[in-house]
Novice: 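Below is a structure I'd like to ask you about.
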Amino acid sequence: EIADGIVIGGLDVGGMTESEARATVEEYFERYKTGVLYLSFNGTETQKGFDELGISWDNPEVVSEAVSCGKSGNVLERYMELTQLRKEKKEYPIEYSLNETLLEEYLAGEAEARQTEAVDATITKSGNSFEVTESETGLTVDVPATVEKIIGAVQTEWTGGRLQVDAVVQVTEPKYKAEELKLIQDCLGEYDTPYNPGSADRSQNLVNGSGFINGQVLLPGESMSLYD
């Protein structure tokens, strides 16, 4: 039997046989195998069972170690160890881990489905007014950092059942946003040039050139050339 005062992963196994203690720990570990990872990507959430991520009990030998406590060494050493157990319980941890390959594959698939490029707002001239399209933020998922964060949470925070983790993401802001472009309302300058139908070549050039630039809006820092 296991000596009184022995605890494995919070379970008091004192007085149990080795097989009884192993069965108790295995039953307790089932709560981890049926646990679920809830992963949030900047507001959207996905979930995955830990059994699908290859969670495993890594130190089953701890049961044999618990059995041998107080039974090795000379008579005095055994007596001292058992006396200490009556004063203070001795706890052995349950160690478990995830299959990192399965975790990385799962995250890579989720990241690919969620990563987006930032989209700038656009502005075009329509008659005497401007039309503005909305901008969109971009999202990049840092898969290695998220793997590390999940493993850390599993080892330090999780006690079975549900585990909530926020993925490590970088939100990319668009260069131009709609609320900024909507401020464009004023005419800052005008230019005109004579149009003479009698000068056919020049008039045709004006028609062609104005067709290329009509309705174009140049934002600060941008330029345009009819030679390009």
Novice: Is it the case that more than 12 heavy atoms not belonging to Tyr38 sit under 6.0 Å from its OH atom?
Specialist: yes

Novice: For a salt bridge (charged side-chain N to carboxylate O under 4.0 Å, His left out) check, start with the C-alpha distance between Glu134 and Lys182, then their side-chain angles and the critical distance, and finish with the verdict.
Specialist: CA-CA 10 Å; Glu134 294 294 328; Lys182 287 177 181 179; 3.3 Å; yes

Novice: Same cluster for Ile151 and Trp158 if Ile/Leu/Val/Met/Phe/Trp/Tyr side chains link at under 4.5 Å?
Specialist: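 Yes, because Ile151 and Trp158 connect within a single hydrophobic cluster, where side-chain heavy atoms sit under 4.5 Å apart.
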
Novice: Side chains of Ser64 and Glu18: do they bring a donor and an acceptor to under 3.5 Å?
Specialist: yes

Novice: Side chains of Ile8 and Glu91, heavy atoms from C-beta outward: is any pair under 4.5 Å?
Specialist: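 No, their side chains stay 4.5 Å or more apart.
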
Novice: Do the charged groups of Lys89 and Asp4 touch, with an N to O distance under 4.0 Å?
Specialist: no

Novice: Please determine whether ring pair (Phe, Tyr, Trp, His ring centres under 6.0 Å) holds for the pair Tyr32 and Phe50, giving the CA-CA distance in whole Å, both sets of side-chain angles, and the decisive distance to 0.1 Å.
Specialist: CA-CA 7 Å; Tyr32 290 89; Phe50 278 103; 8.8 Å; no

Novice: Shortest non-hydrogen contact from Glu110 to Phe41?
Specialist: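 Reported closest heavy-atom pair: CB-CZ, 3.7 Å.
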
Novice: Looking at every non-hydrogen atom in both residues, tell me the closest pair between Gln164 and Ser40 and how far apart they are.
Specialist: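 That closest heavy-atom pairing would be NE2-CB, 3.8 Å.
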
Novice: Tell me if the CD atom of Glu88 is crowded by more than 12 foreign heavy atoms within 6.0 Å.
Specialist: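 Open.
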
Novice: Where is the tightest heavy-atom contact between Ile123 and Leu181, given as atom of each residue plus distance?
Specialist: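 In this case the closest contact between Ile123 and Leu181 is CD1-O, 3.6 Å.
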
Novice: Check the surroundings of atom CD in Glu27: do more than 12 heavy atoms from other residues, nucleotides or ligands lie under 6.0 Å from it?
Specialist: no

Novice: Would you say the side-chain atoms of Ser199 pair up with the backbone N or O of Asn196, donor to acceptor, closer than 3.5 Å?
Specialist: no

Novice: With a sphere of 6.0 Å drawn around CD of Glu117, does it hold more than 12 non-hydrogen atoms of other residues, nucleotides or ligands?
Specialist: no

Novice: Do Val13 and Val7 touch side chain to side chain, with heavy atoms closer than 4.5 Å?
Specialist: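 Of all side-chain heavy-atom pairs linking Val7 with Val13, none is under 4.5 Å.
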
Novice: Other residues, nucleotides and ligands only: do more than 12 of their heavy atoms fall within 6.0 Å of CG on Asn74?
Specialist: yes

Novice: A side-chain contact here means heavy atoms from C-beta on lying under 4.5 Å apart; do Tyr92 and Lys90 qualify?
Specialist: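 In short, these two side chains touch, coming nearer than 4.5 Å.
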
Novice: Is it the case that the side chain of Lys177 and the backbone of Ala121 share a donor-acceptor pair, with hydrogens and angles ignored and the cut-off at 3.5 Å?
Specialist: no

Novice: With side chain to side chain contact (heavy atoms under 4.5 Å, CB included) as the criterion, how do Val25 and Leu11 come out once you've worked through the C-alpha distance, each side chain's angles and the decisive distance to 0.1 Å?
Specialist: CA-CA 8 Å; Val25 176; Leu11 302 171; 4.2 Å; yes

Novice: Just checking, any donor-acceptor pair under 3.5 angstrom between side chains of Asn42 and Thr44?
Specialist: no

Novice: Using modelled atom types and a 3.5 Å cut-off, is there a donor and acceptor pairing between side-chain atoms of Asp120 and backbone atoms of Lys175?
Specialist: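 Indeed, once roles are kept as given, a pair shorter than 3.5 Å links the two residues.
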
Novice: Flag yes if Val168 and Ile150 sit in one hydrophobic cluster, no otherwise; membership is Ile, Leu, Val, Met, Phe, Trp, Tyr, and two members link when side-chain heavy atoms are under 4.5 Å apart.
Specialist: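 Different hydrophobic clusters.
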
Novice: Taking atom NZ as the centre, does Lys33 end up with more than 12 heavy-atom neighbours from other residues, nucleotides or ligands that are less than 6.0 angstrom away?
Specialist: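 Open: at most 12 neighbouring heavy atoms sit under 6.0 Å from NZ of Lys33.
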
Novice: Working to the nearest 0.5 angstrom, can you tell me the gap between Leu103 CG and Leu37 CG?
Specialist: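 With rounding to 0.5 Å, CG (Leu103) is 7.5 Å from CG (Leu37).
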
Novice: Measure the spacing between CD1 of Ile2 and CD of Glu65 and express it to the nearest 0.5 Å.
Specialist: 11.5 Å

Novice: Run the numbers on Leu163 and Val154 for side chain to side chain contact (heavy atoms under 4.5 Å, CB included), then give the verdict.
Specialist: CA-CA 8 Å; Leu163 177 64; Val154 165; 3.7 Å; yes

Novice: Would you mind reporting whether Lys71 and Glu81 have side-chain heavy atoms less than 4.5 Å apart?
Specialist: no

Novice: At what distance, to the nearest 0.5 angstrom, does CZ of Arg162 lie from CD of Gln47?
Specialist: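 Reported to 0.5 Å precision, the distance equals 8.0 Å.
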
Novice: Going hydrophobic residue to hydrophobic residue with side-chain gaps under 4.5 angstrom, can you get from Val165 over to Val147?
Specialist: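 Same cluster.
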
Novice: If I take atom CG from residue Asp51 and atom CG from residue Leu102, how far apart are they, to the nearest 0.5 angstrom?
Specialist: 11.0 Å

Novice: Can you tell me if Arg114 and Thr140 form a side-chain donor-acceptor pair at under 3.5 Å?
Specialist: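 Per modelled atom types, Arg114 and Thr140 side chains form no pair under 3.5 Å.
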
Novice: For Ser135 and Ala178, work out which heavy atoms get closest and say how close.
Specialist: OG-N, 4.0 Å

Novice: Would one find more than 12 heavy atoms of other residues, nucleotides or ligands at under 6.0 Å from atom CD of Glu61?
Specialist: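 Enclosed: over 12 neighbouring heavy atoms sit under 6.0 Å from CD of Glu61.
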
Novice: Could you tell me whether Glu100 atom CD has more than 12 heavy atoms of other residues or ligands within 6.0 Å of it?
Specialist: no

Novice: Testing the basics here: between Leu85 and Cys69, what is the closest heavy-atom pair and its distance to 0.1 Å?
Specialist: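 Taking every non-hydrogen atom into account, CD1-SG, 4.0 Å.
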
Novice: Does some side-chain heavy atom of Gln115 sit less than 4.5 Å from a side-chain heavy atom of Leu139?
Specialist: no

Novice: Nearest 0.5 Å, what's the CE-CZ distance between Met80 and Arg78?
Specialist: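 Those atoms lie 14.0 Å apart.
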
Novice: Output the distance between atom CG (Leu107) and atom CG (Leu39), rounded to the nearest 0.5 Å.
Specialist: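 It comes to 6.0 Å.
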
Novice: Keeping Asn59 on the side-chain end and Glu95 on the backbone end, is there a donor-acceptor pair under 3.5 Å?
Specialist: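 Yes.
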
